[in-house]
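To find a chain, count down the sequence lines: A is the first, B the second, and so on, and within it residues start at 1.
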Amino acid sequence: MVRVRIAPSPTGFAHLGTASTALYNILFARANGGTFALRIDDTDAERNRPEYELLIYESLRWLGLDWDEGPDKGGPYAPYRQSERLDLYKQHAAQLLADGKAYRCYCTPEELDAERKQAQAEKRPYKYSRRCLTNPPTGRAEFTVRFKVPGGEVKFKDMIRGDMSFDSDLIGDFIIVKSNGYPVYQFASPVDDAVMKISHVIRGEEHLSNTPYHLMLIDALGYERPTAYAHMPLILAKDGTKMSKRKHPETNLALYREQGYLPEALINYLALLGWNPGTSQEIFTFDELVQAFSFDRVQHAGARFDWEKLNWINGEYIRRLDDEELVRRLQPFLPNLDEATIRRAVPALKTRMAKLADAATLLEYLWTNPPAPALEPEALERVRAAIAVLNDVPWEQQAIHDSLMGVVEKSGLGPNKTFMPIRLAVTGKKISPPIDYTLALLPKEVAMSRLQRVAGVTA
RNA sequence: GGCCCCGUCGUCUAGUGGUCUAGGACGCAGCCCUCUCAAGGCUGAGAUCGCGGGUUCGAACCCCGCCGGGGCUACCA
């Protein structure tokens, strides 16, 4: 029975890495008929906020990465919010204490800090002194609980990197319960994984070095270890450094929705960041990903996030959407336009967008009034000729196209000599959809008045 | 500092001793198409496989060292 999970921490906006990890977990769960759980890791009382939890739900749902068990939908191992499982951690800590596998530590943060600085000054690797194990100070009430690291090799299998081995003699006794009674991540996470019967722990590479901590705890508690671990490569920023919320806006999942990235395109891109199918296929449906994904084709090195490639994939998805679906998705991005207008614009927009928000730039002239450009005499002549024929033309794209081509032919000049001045007059820009679309999308009176305004003709 | 992971075109990557004069994709350049911009088609530039030693008839692929990047080493997660 495959059971996987993600355990995001609600300490800010929903993070790109959360989506990536969720995706790999779901891919693995679906391929193996397993269960995917969402567990909220809110043990950092200072930084955690309920509204951030909502942001995680929203972003994951937007991406179609839904969970089988979670705080909002329950499940056989509820509750799924760690702040609601405090008793469980207390029991486990008490058990370790009773077994002599953990002990109370009365050291103050200042004392610990001094120890650490001392070690640093003497250039030796820092490990907690075990003062409170051997010679605890008396008359102090506030304490943390430390795990007594047994020492020796800790070995485990990583589905991506193979056999891993850590020397736990290098690991000092670490805190598992804070002085405020809350468990530390290193404690709550393995306890929950064991109790919730998580079979495969799939998470980011930043947790690779944490795994021995978790394993030692699971062993000490007498639980069965998860069948396997998988540590996914980190997503790096464009500059090769780890993505930070401050420096790199692309960590914010909400941004992608706002910009008009299609969730399925983002998923596709994320899947390809750090993994490849071994074939030349680049575009995948979700089901194809489920089928193709395997941990032995996951990259070991961190992968840099690249907007260009994402834009290309997103454009591919947009072009593959049928027109009605595109209209539907475009609506939130074009609040100034009615559905019928969007529908008429779609054929011209489709190949011109990397993301849905681009439509607004292309169609801006429909709800704003661009300033009249100053045109050369020759260009003005072209505009006047166009006005003359356009006056009697039924206002739809094909008719406009035909009559304008007539003007072009009569002029003996290239089409651009006629179309560009019109484009400038109507949109104020040098870039727009084809001129017939550009005109037809606008009410005839508006289009004509913009042309007349430039040509100096009074309506 | 210690421990761990990693290092192929700008980027994502293929590649597990000879088929590599290192393949693909994005991006970039040029051409075609064309009313602009895209899309599409074609062509092209771009990597002495981080560096230095080995092993081998032969190494991007195996071994060692070095350098570089990242992670962990918190009463953050």
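- Between the C1' atom of B:rC75 and the CD1 atom of A:I175 lies a distance of 5 Å, rounded to the nearest Å.
- Here A:Y269 lies out of heavy-atom contact (under 4.0 Å) with every strand.
- Atom name P, nucleotides B:rC62 and B:rG70: the rounded distance is 25 Å, in whole Å.
- Between A:R304 and B:rC6, a side-chain N or O to OP1/OP2 separation shorter than 4.0 Å is absent.
- Considering A:R131, A:R130, A:R146 as possible partners of A:D173, the one that fulfils the salt bridge (Lys or Arg N to Asp or Glu O under 4.0 Å) test is A:R130.
- Looking at A:Y128 and A:E115, their side chains never bring a donor and an acceptor atom within 3.5 Å of each other.
- OP1 or OP2 of B:rA14 lies within a sub-4.0 Å distance of a side-chain N or O belonging to A:Q299.
- Proximity of A:N210 to the phosphate of B:rC72: no side-chain N or O atom is located under 4.0 Å from OP1 or OP2.
- Nucleotide B:rC75 has no partner under the Watson-Crick or G-U criteria, as no pair reaches both atom distances under 3.5 Å.
- Take the nearest nucleotide of RNA chain B for A:L236 and for A:R297: the residue whose nucleotide is more 5' is A:R297.
- Residue-level contact check: A:E206 touches the backbone only, with heavy atoms under 4.0 Å from sugar-phosphate atoms and none from bases.
- The gap from the C1' atom of B:rC28 to that of B:rG10 amounts to 9 Å, rounded to the nearest Å.
- Side-chain contact of A:Q397 with A:D436: a donor-acceptor pair under 3.5 Å is present, judged by distance alone.
- When the C1' atom of B:rC35 is taken as reference, atom CZ of A:F419 falls 5 Å away, rounded to whole Å.
- Of the nucleotides present, B:rC57 is the one that pairs with B:rG18 by Watson-Crick or G-U wobble criteria, both distances under 3.5 Å.
- Set against B:rA14, B:rC75, B:rC6, the side chain of A:R161 has B:rC6 as its closest nucleotide.
- Judged by a 6.0 Å distance limit and a 45° cone about the ring axis, A:R140 is not positioned over the six-membered ring of A:Y106.
- When the P atom is compared between B:rG52 and B:rC67, the two are found 15 Å apart, to the nearest whole Å.
- Checked against B:rA25, B:rA77, B:rU36, the side chain of A:E282 finds its nearest nucleotide in B:rA25.
- For A:M232 and B:rC6, the CE to P distance is 14 Å, given to the nearest whole Å.
- Across all strands shown, B:rC35 has no partner, as no Watson-Crick or G-U wobble contact with both distances under 3.5 Å is found.
- Heavy atoms of A:M164 sit under 4.0 angstrom from primed sugar atoms or phosphate atoms, though from no base atom.
- The side chain of A:S9 approaches B:rA77 more closely than any other nucleotide in the set B:rC75, B:rG27, B:rA77.
- When the C1' atom is compared between B:rA22 and B:rC3, the two are found 35 Å apart, to the nearest whole Å.
- As rounded to whole Å, 15 Å separates atom C1' of B:rG70 from atom NE2 of A:H231.
- Nearest to the side-chain atoms of A:E205 among the listed nucleotides B:rC72, B:rC5, B:rA77 stands B:rC5.
- Rounded to the nearest Å, the gap between the P atom of B:rU48 and that of B:rG30 is 25 Å.
- Contacts of A:N311 with the nucleic acid, taken as non-hydrogen atoms under 4.0 Å apart, are absent.
- Evaluation of atom-type donor-acceptor distances gives no pair under 3.5 Å for the side chain of A:T144 against the base of B:rC75.
- When distances are taken from the side chain of A:R423 to each of B:rC26, B:rC35, B:rC75, the shortest belongs to B:rC35.
- Contact annotation: A:H300 side-chain N/O to B:rC6 OP1/OP2 distance is under 4.0 Å.
- A salt bridge is absent between A:K117 and A:E122: the closest approach of a Lys/Arg side-chain nitrogen to an acidic carboxylate oxygen does not fall below 4.0 angstrom.
- Between the NZ atom of A:K417 and the C1' atom of B:rU34 there is a distance of 16 Å, rounded to whole Å.
- Between the P atom of B:rA39 and the NZ atom of A:K355 lies a distance of 13 Å, rounded to the nearest Å.
- Checking A:H207 against A:Y185 by side-chain atom types alone, a donor-acceptor pair falls below 3.5 Å.
- As judged by a 4.0 angstrom heavy-atom cut-off over every strand, A:L170 is placed among residues touching the sugar-phosphate backbone only.
- A straight line from CZ of A:R49 to P of B:rA77 spans 17 Å, rounded to a whole angstrom.
- Contact of A:T351 with B:rA38 (side chain to base): a donor-acceptor pair of N or O atoms is detected under 3.5 Å.
- Residue contacts for A:P8: at a heavy-atom cut-off of 4.0 Å it reaches no nucleic acid atom on any strand shown.
- Base pairing of B:rG7: its partner is B:rC67, meeting the Watson-Crick or G-U wobble criterion (both donor-acceptor distances under 3.5 Å).
- With RNA chain B read from its 5' end, the first of the two nearest nucleotides for A:S165 and A:G302 is the one closest to A:S165.
- Of the nucleotides present, B:rU43 is the one that pairs with B:rA29 by Watson-Crick or G-U wobble criteria, both distances under 3.5 Å.
- The residue A:R47 sits close to a base: some heavy atom pair falls under 4.0 Å.
- Side-chain atoms of A:E264 and A:N268 form no donor-acceptor pair, as typed in the model, at a separation below 3.5 Å.
- The residue A:Y213 sits close only to the backbone: its heavy atoms come under 4.0 Å of sugar-phosphate atoms, none of a base.
- The residue A:T43 sits close only to the backbone: its heavy atoms come under 4.0 Å of sugar-phosphate atoms, none of a base.
- Taking atom C1' on both nucleotides, B:rC20 is separated from B:rA60 by 9 Å, rounded to a whole Å.
- Comparing B:rG46 with B:rA39, their C1' atoms sit 25 Å apart, to the nearest whole Å.
- Taking the charged nitrogens against the carboxylate oxygens, A:R343 and A:D323 have no contact shorter than 4.0 Å, which rules out a salt bridge.
- Distances from the side chain of A:S280 to the nucleotides B:rC3, B:rA25, B:rG24 place B:rG24 closest.
- Comparing B:rC61 with B:rG17, their C1' atoms are spaced 7 Å from each other, to the whole Å.
- When heavy atoms are screened at a 4.0 angstrom cut-off, A:Q82 is found touching no nucleic acid atom at all.
- Counting non-hydrogen atoms under 4.0 angstrom, A:G172 reaches nothing in the nucleic acid.
- Regarding A:E316, its CD atom lies at a distance of 11 Å from the C1' atom of B:rG40, rounded to whole Å.
- Distances shorter than 4.0 Å separate some side-chain N or O of A:K178 from OP1 or OP2 on B:rC76.
- A:K242 comes within 4.0 angstrom of the backbone, heavy atoms only, and of no base.
- Using a 4.0 Å cut-off between a side-chain N of Lys or Arg and a carboxylate O of Asp or Glu, A:R85 and A:D192 qualify as a salt bridge.
- Checked by atom type, the side-chain pair A:Y261/A:N311 shows a donor-acceptor distance below 3.5 Å.
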